[in-house]
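See structure below.
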Amino acid sequence: MNWVVATWSMVITACIVLAGIHLLVWNKAKDSRSSLAFAITAVAVAGTAVTELLFMYSRTSQDVISAIQWANVSLLFMVGGLVGLVRCTYGLGNLWIGAAAVGLRLIGVVLIFTVDPDPLPDPDLILPHIDFLGESVTVISNALLNPWRGFNQLSTLLFFIFVIDASIRLWRSGGRDRQRTVIYTGGSIIGFFTVATVLAAAVNQEMIQLPYLISFPFLLVILVVAYELVRDVLHVKTLQFQLADTESTSLLGQLSVTLAHELRQPLGAILRNAEAADLILQQASPNLNELKMIVNDIWKDDQRAGQVITKMSSLLQKKPIVLEPVYLDRLVTDVLTLVRADAVRNHVHITFKPGKRLPLIMADHIHLQQVLLILINNAIDSLKTSKTSDRQINILARATPESSLEICVHDNGPGFSSEATQFLFKAFYTSKEDGVGVGLAVAKTIVEAHQGKIWLDTKNTSTTTLCFTLPVEHDVS
Amino acid sequence: MSADVDKLKVYLIDDDKSHLRATERLLRASGFDVVTYLSAADFLAELSPGAIGAVVTDYKMPDINGIELQKRLTERENLLPVIFLSGHGNIPTSVQAMRHGAEDFLTKDVLKDELINAVNRAFSRNSGAMKEMAELSGLLDKFATLSPRELEVMQHVVQGKKNKQIACDLNIHERTVKLHRTAITTKLEVTSVAELTMLWMRKQRGEEKYKLGE
């Protein structure tokens, strides 16, 4: 029984199976890129194990060199996969540092394939062997070490910095669940990577007489990450179910009640007008003027009813909510790009001040953008009527003591009348000529579907302030 | 526009201008006198105690809604019946409204006959109530002319007690009882005990019905 082949085969199989599963996941849901990143990482670890096997059964120096070359290729993909994984799953980690870590490995790989080592290794070099698990396997000889391993070492250092940076940011964003992830995922990546690096270095320095065993700690990293990924996916699915539930009952239910009420008004008026006209026509000399007014009113009410239906159907076009980690900075900046032209045209100056250490939230990117667009557009509309030349919109975001994210949009426009304040968030209330009044109602629905709150803040009388909160994701259990 | 004391009017309240105008047209064409308001607050501000007729109002309105309006009318001891004409027609709402003493609860899509019948019913109820109130007022005034002692004696008389018994119960002379009885029959303008009893019962019932004297 060849225990070497058996053991390494198990490692390879485990990695391939995990990779396969996550490739299937990615195939089903192309937007869960973390699964793709994971699959790449797992395949890379399998590749590393294969190269270790090749190494152990090398006969010539050329075999050894080939094994080392391909091992470096595997490690390149592994580091790349892990960087991608951290970025896709958490949206964190300095992209430059991560890219540099990957880039350095890439350079190392290119060099090791293209540049012959100097001096050229002796093709007749006798390779050192040891007894390992009952087999005679080749181990590294000093003469055959990768001359470019400096790049690898630097890359590993940068990779550590990348992971530590992402871990710190994730920890700071709060939430017991996040901190747990930091400990397990971040900890295992760094921990096992360190073990692997130390092992490799020890083998390289011939301090210990062993074959390369780095695929083992990397397999452990894969296992931990796979577990965390599954937990994450389950968590997101739970949230999505919850959201779908609340969304359908509250949104649809609310809309149907509003629809019924809004349609009954014009329809009721049309009925009364028709009945009145009928009675008037039965009189001896019907008042034609009054009949004209009746016809006009009927016509206007019919239009009113039509508008209600049009606006309702656009509201009812439900797009499914997709939760993902949202980096608020970026979201607001994107929205500001969208409104820049309009703001400039109306001489409105918009500033955005995010607070320090903004928590990470799981939200629907598109819907959140819509909420911000609604609030900012409302502010711009309000400022259009403002007489002052100093038109300001300030957007502030901060973490609240109740561990949620609070975003406020302030504008120094004329604001709302006290009567308007009462039905601010009710559908079809508007003070605008051409408005239909569904903006804030839609914003409210979206915010509440995310389990947040939206309100008009009346503390400051010189500005009109609309705020909304989004809860920071907590441990579901 | 102040309300004419003697004319029955429909007081129409709706925050939707178009619906208000249309309903006013219909009611006028059907022969009613209509006064319109865009809000319950406006209506209450102009309401005079001598107003008779009925209130036809929307149920859900921004500032003061239907239920609130009913409460305010009850507080003012106003007898105007309230008919709800609502865009929302669910059962719990209508039950709640009726419990608070609404005359009727209609949805905005009812045909004109139902609305007109409801208004007529409300009018007759209001006229009836006004008459009863006037009578009750008269009764209360009459009984107010009795002195406390006379009131006491009278209460014993309507229980069917003889003079001797009353004198014993109240610890006074039988002769004093007789004097009080004469005063009572004169002041209340009754000629028999039976009549007195009936008057007393009517007063009690009237007070209970209109929740007075609480």
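Each chain gets a letter, A, B and so on, in the order the sequences are listed, and its residues count up from 1.
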> Is any side-chain N of the basic residue among A:R304 and B:D16 closer than 4.0 Å to the acidic one's carboxylate O?
Replying inline: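 A salt bridge is present here (some side-chain N lies under 4.0 Å from a carboxylate O).
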
> Has A:K453 got more than 12 heavy atoms of other residues, nucleotides or ligands less than 6.0 Å from its NZ?
Replying inline: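 Atom NZ in A:K453 is not packed in, count stays at 12 or less.
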
> Around atom CE of B:M201, are there more than 12 heavy atoms of other residues, nucleotides or ligands at under 6.0 Å?
Replying inline: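 Not buried by this count: 12 neighbours or fewer within 6.0 Å.
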
Toward chain B, the part of [X] with a non-hydrogen atom under 4.5 Å:
{"X": "A:L271", "value": "side chain"}
{"X": "A:I294", "value": "both"}
{"X": "A:D301", "value": "side chain"}

Any chance you could measure [X], atom [atom1], to [Y], atom [atom2], to the nearest 0.5 Å?
{"X": "B:S30", "Y": "A:E275", "atom1": "OG", "atom2": "CD", "value": "8.0 Å"}
{"X": "B:R28", "Y": "A:L279", "atom1": "CZ", "atom2": "CG", "value": "14.0 Å"}
{"X": "B:H19", "Y": "A:D297", "atom1": "NE2", "atom2": "CG", "value": "12.0 Å"}
{"X": "A:L263", "Y": "B:K108", "atom1": "CG", "atom2": "NZ", "value": "12.5 Å"}
{"X": "A:K300", "Y": "B:S18", "atom1": "NZ", "atom2": "OG", "value": "7.5 Å"}

> Side chain, backbone, both or neither: which part of B:L115 has an atom under 4.5 Å from a heavy atom of chain A?
Replying inline: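 Side chain only.
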
> Given side chains that start at C-beta, do those of A:R272 and B:E24 come closer than 4.5 Å, heavy atoms only?
Replying inline: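 Counting from C-beta outward, A:R272 and B:E24 never come under 4.5 Å.
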
